[in-house]
Each structure stands twice: as structure tokens, then as C-alpha cells.
Amino acid sequence: MKMYKCRLADLVILSVLLLLWVMVHNIISTESEQSLQTNSTQENCRLKISVLKNKHLKLGCGGGQFVSVMKSVCHTQLGNQLSSYAALFYFKHKYGFNAFIDPVQAKYIAEVMDLDKMEIQSLDFKIPKCCDKELRLPTWEVVSNPNGGRAYNGFVENIDKYRYNHLIDLGTHTVPIYLYKEILPQLRQQFQFKSKFLFHAHKLFKYLRDPQNTTVFVGVHARRGDHLHAWREKFPNSSIGRYEGKYFNHAMDLFRQKYNNNSTKVVFLATSDNFGWIKQLFVNPGDVFFPHELVTVPGSLAAGLDLAILSLCNHSIIDYGTFGIWGALLAGGDIILPDGYSDVTTPDMDWWRSSGIVNATFVN
């Protein structure tokens with residue numbers, strides 16, 4: 001009888017230990033899943049969101065209070081992804097909002113930038129099923145004004161209204177340069193190029209630097225392709241597609257006049273999504289160089305390398321599009337831009353005119 005009681009006690013102890021092991025295992029598994037870079041919200045009545053590294057936010061489907069969550073989901077090219085991230089970063093740091101990028105955005109950015117060094121991380125945001133019933137999270141609210149370069153003035157004027165318990169959508173194509181300029185040093189720290197791009201870029205600069213003189217590098221980006229075709233249709237009374245060759249050559253002459261002397265020489269690094277066009281149209285007295293000809297990389301790396309090169313230049317000449325915008329903003333220095341090429345204000349004209357950036361010069 002004593003032996004039977006002993007065995008029964010042993011079984012009870014073993015059962016308790018087994019239960020404890022299962023509980024610990026589940027906790028470890030949960031923490032492991034939450035540590036993944038791309039996180040999914042859980043399908044239950046507590047919406048658990050991993051929005052920042054090692055930080056978690058719980059949103060209740062009904063009641064409770066949470067710091068508002070912000071997104072700017074854009075599934076187009078790299079320049080637009082950087083613009084969306086920068087807008088999120090601005091509002092997070094300026095006003096304390098939570099923010100995330102979705103997995104598609106993270107994929108685009110991670111092809112060129114070191115995503116691990118970026119503060120805002122990827123999240124697959126899903127609202128739990130229970131929130132479709134009586135208890136609900138708020139719906140996404142679009143707060144941008146699509147008409148005008150200062151797209152968030154109204155939102156900022158009423159910012160206190162949105163601080164808590166809101167899901168805020170900044171829009172799909174947001175380029176508030178007037179806000180970016182306040183945090184450019186921080187954004188340059190966020191946008192760290194992968195080493196493979198920097199290796200080729202630094203090698204090119206070393207090759208082109210004049211050992212006898214100070215070399216001033218000017219990055220040039222001409223946007224052609226799909227963007228140009230779309231804008232010709234959207235702005236039929238403009239000179240888009242006809243003036244750009246003269247504009248770029250004139251802008252390069254302005255830099256030559258400003259910097260070339262006995263001790264300083266200017267070097268232009270010309271990039272484009274249409275290499276044949278810039279090769280044919282750019283007047284080259286020996287100071288215009290084309291990375292496309294000097295650096296051999298797989299086609300999938302070409303855009304990332306171009307942006308890295310533009311970001312390392314001292315000054316910039318650009319025309320349209322967010323790719324050129326980020327090349328110029330990351331580089332700093334003087335920026336020459338076109339203006340007056342359309343009677344109807346284009347988005348780029350609006351973004352730059354409203355930016356108030358003092359180092360930007362408009363060439364009509």
C-alpha cells in the first residue's frame with residue numbers, strides 16, 4: 001500500500017513537471033515568433049502589433065487607449081518607398097505615433113538599404129475577426145491632402161485629435177519635402193546603403209578624383225521611361241520630353257562656371273533609366289562620366305548603385321521623380337531643378353516649390 005501511494009505521488013509530480021514544461025515551451029515559442037523581422041498580428045480579440053524592434057503594442061478591439069498607429073503603404077518603385085518611410089519616420093519622431101511598413105515595402109527597401117539599421121520595421125497588419133462584430137477597432141483614416149505640396153498641413157494643425165485610438169493612413173504616394181528637410185540628418189542615418197553598393201561607389205570616386213586638384217562631384221539624374229510617357233499624356237500643353245537636354249547641359253554649365261578654377265575641378269556623374277538618351281544628349285567636354293560604362297554590376301543592382309553614387313556626390317542636378325529627389329536629399333549640397341516647363345503645376349514642381357529648401361535653385 002505504501003509503495004502504491006509512493007508511485008501515485010510520483011505520477012502527480014511528473015504530471016506537474018510535464019505541464020510546466022509545456023507552458024515554458026509555449027512562452028519560448030511565442031517570444032521566438034515575435035522576434036522575427038516581419039510579424040503578423042494574431043487572430044484573437046487582442047491585436048498584438050510588433051511595430052518597432054523589441055517593442056510591442058496591444059490594441060483592444062473595444063475600450064482601452066492606444067497610441068495611434070500610422071501607415072503609408074506604397075507598392076511602387078524604390079524612391080516612393082523611401083518617401084513613405086521618411087514620412088512615417090517624421091511623424092513618429094515629431095509626435096510619437098506608432099508606425100510600420102508592410103512586407104512588400106520592406107522587400108523593396110532591403111534590396112538596397114540595410115533594413116536592420118532602420119527603426120521602423122515590417123509588419124503584416126491584420127484586424128482580428130472579433131473586431132468585425134460589436135467590438136471594433138477604428139477604420140483607417142486618410143489624412144493627406146492630394147492637392148498641394150504641403151499635404152499634411154491640415155493634419156498637423158489638428159494633431160492632438162489624432163494622437164490616440166486612431167489608425168492613420170498617410171496615403172500611397174507622399175512626398176512632403178517640407179517635412180523631410182527638418183530631419184535629413186536622421187534620415188541619412190536611417191538610409192544606410194548595403195556594403196556591396198558602397199564598395200563599387202567608393203571605388204568609382206577614388207578612380208575619378210583628381211590627385212592634383214580638389215574634385216567637386218555633381219550627381220546628375222535624368223528620369224525618362226514610364227514616368228515621361230505618363231506625364232506627356234497628363235500635361236499635354238507642357239514642354240515635357242522636349243526641353244530636358246538643354247536644361248541638363250545648361251545646369252552643368254552653371255556648376256562649371258561656379259567651381260572650375262586653377263585648384264578645383266568639377267566632375268559630373270550622370271545616371272538615368274535611359275542610358276542611351278543621356279549619352280547622346282549630354283554635351284561632354286571631358287568632365288561627364290557615366291557609371292553605367294565604368295562599373296559592371298548585374299542589372300538588378302544597377303538602380304541601387306546609381307542611388308548610392310548620387311548620395312555620395314557634393315551637389316545634384318535632377319528633373320523628375322522620387323529617385324532623383326532622394327539622390328539629391330541624401331547628398332545635400334546645392335540642387336538644381338527645372339521649373340516652368342508646364343503651365344499646369346506638376347507634382348514635382350509643387351513638392352519643391354513648397355519645400356522652402358534654401359539650397360535648391362530653379363532653372364526656368
Side-chain angles (χ1 to χ4, degrees), residues 36-39 49-55 57 67-125 140 142-144 146 149-152 155-156 162 167-194 197-198 221 303-304 306-308 310-311 318 321-332 347-348 351-352 355 357:
L36 294 177
Q37 181 177 321
T38 301
N39 300 275
I49 305 177
S50 176
V51 289
L52 301 175
K53 291 181 181 178
N54 302 320
K55 293 183 180 180
L57 172 70
V67 176
S68 296
V69 181
M70 183 173 282
K71 71 174 182 177
S72 176
V73 176
C74 175
H75 291 168
T76 54
Q77 300 182 51
L78 177 62
N80 294 337
Q81 306 299 343
L82 298 182
S83 296
S84 289
Y85 183 96
L88 292 170
F89 187 83
Y90 172 85
F91 284 110
K92 176 192 173 300
H93 273 261
K94 181 82 172 181
Y95 299 105
F97 291 106
N98 288 296
F100 70 90
I101 55 176
D102 80 358
V104 175
Q105 292 176 287
K107 178 180 178 295
Y108 272 107
I109 295 173
E111 289 174 354
V112 177
M113 304 293 179
D114 190 342
L115 193 63
D116 289 337
K117 294 182 180 178
M118 299 174 73
E119 186 170 327
I120 299 174
Q121 291 292 300
S122 171
L123 169 70
D124 186 9
F125 190 103
W140 289 105
V142 178
V143 297
S144 63
R150 292 181 172 261
Y152 299 106
F155 174 55
V156 171
Y162 292 94
L167 300 181
I168 302 167
D169 187 350
L170 295 182
T172 58
H173 193 169
T174 173
V175 192
I177 300 175
Y178 75 104
L179 300 181
Y180 299 157
K181 69 178 183 180
E182 297 182 23
I183 55 167
L184 280 176
Q186 295 95 318
L187 288 174
R188 292 183 184 115
Q189 291 298 314
Q190 290 289 300
F191 296 149
Q192 296 287 316
F193 288 89
K194 288 189 169 181
F197 298 109
L198 293 176
H221 182 69
D306 281 351
L307 190 60
L310 293 172
S311 76
I318 62 174
T322 53
F323 190 92
I325 285 174
W326 282 107
L329 291 178
L330 294 177
D348 286 75
W351 296 333
W352 284 109
S355 70
I357 289 184

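These numbers were taken from a predicted model, which means no experiment stands behind them.
- Across every non-hydrogen atom of Leu78 and Ile109, the tightest pair is CD1-CA, 4.3 Å.
- Between Gln190 and Glu119, some side-chain heavy-atom pair lies under the 4.5 Å cut-off.
- For the residue pair Leu88 and Phe100, the shortest heavy atom distance occurs at CD1-O, 3.4 Å.
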Apply side-chain contact (heavy atoms from CB on, under 4.5 Å) to residues Ile168 and Phe155 and explain how you reach the verdict. CA-CA 10 Å; Ile168 302 167; Phe155 174 55; 4.1 Å; yes
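- Side-chain atoms of Ile357 and Ile177, non-hydrogen and from C-beta on, do get closer than 4.5 Å to each other.
- One distance of note links CD of Gln189 with CZ of Phe89; it measures 9.5 Å at 0.5 Å rounding.
- Not less than 6.0 angstrom separates the ring centroid of Phe97 from the ring centroid of Tyr162.
- In this structure the side chain of Thr76 never reaches within 4.5 angstrom of the side chain of His173, judged on heavy atoms.
- At distances below 3.5 Å, not a single donor-acceptor pair connects side-chain atoms of Gln105 with backbone N or O atoms of Tyr85.
- Judged by distance alone, the side chain of Asn98 and the main-chain N or O of Val67 form a donor-acceptor pair under 3.5 Å.
- Counting only residues at least two apart or in different chains, salt bridge (charged side-chain N to carboxylate O under 4.0 Å, His left out) contacts with residues 101-110 comprise Lys107-Glu111.
- Going from atom CD1 of Ile101 over to atom NZ of Lys71 covers 14.0 Å, rounded to the nearest 0.5 Å.
- To the nearest 0.5 angstrom, Leu184 atom CG is 8.5 Å from Gln186 atom CD.
- Proximity of a side-chain donor or acceptor of Gln192 to a complementary backbone N or O of Leu115 within less than 3.5 Å is not detected.
- Listed by chain and residue number, nothing satisfies the side chain to side chain donor-acceptor pair (under 3.5 Å) test with Thr172 (two or more places apart in sequence, or in another chain).
- Side chains of His75 and Gln81: a donor-acceptor N/O pair is absent below 3.5 angstrom, by distance only.
- With rounding to the nearest 0.5 angstrom, the OH atom of Tyr90 is 11.5 Å from the OH atom of Tyr180.
- A donor-acceptor contact closer than 3.5 angstrom links the side chains of Tyr152 and Thr174.
- Checking side-chain atoms of Ser311 against main-chain N and O of Ala331 turns up no donor-acceptor pair under 3.5 Å.
- Within the model, atoms CG of Leu330 and CG of Leu310 stand 9.5 Å from one another, a figure rounded to the nearest 0.5 Å.
- The shortest non-hydrogen separation linking Gly321 to Asp348 is N-OD2, 2.9 Å.
- The side chain to side chain donor-acceptor pair (under 3.5 Å) search around Trp326 returns Ser83, not counting sequence neighbours.
- Here the closest heavy-atom approach between residue Ala151 and residue Tyr178 is recorded as N-OH, 3.7 Å.
- Taking the six-membered ring for Trp and thresholds of 30 and 60 degrees, Phe193 and Phe197 have ring planes more than 60 degrees apart, a perpendicular arrangement.
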Would you sort out whether Val156 and Phe91 count as a side-chain contact (heavy atoms from CB on, under 4.5 Å), showing the intermediate values? CA-CA 9 Å; Val156 171; Phe91 284 110; 3.9 Å; yes
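- The shortest heavy-atom contact between Gly79 and Thr322 is C-OG1, 3.1 Å.
- A donor-acceptor pair shorter than 3.5 Å cannot be found between the side chains of His221 and Asp306.
- In this structure, Arg188 contributes its side chain and Ile183 its backbone to no donor-acceptor pair below 3.5 Å.
- By the 4.5 Å heavy-atom criterion applied to side chains, Met118 and Met113 are counted as neighbours.
- Between atom CG of residue Leu307 and atom CZ of residue Phe323 there is a gap of 4.5 Å, rounded to the nearest 0.5 Å.
- Taking both residues in full, the closest heavy atoms of Ser144 and Gly171 are given as OG-CA, 4.2 Å, listed atom of the first, atom of the second, then distance.
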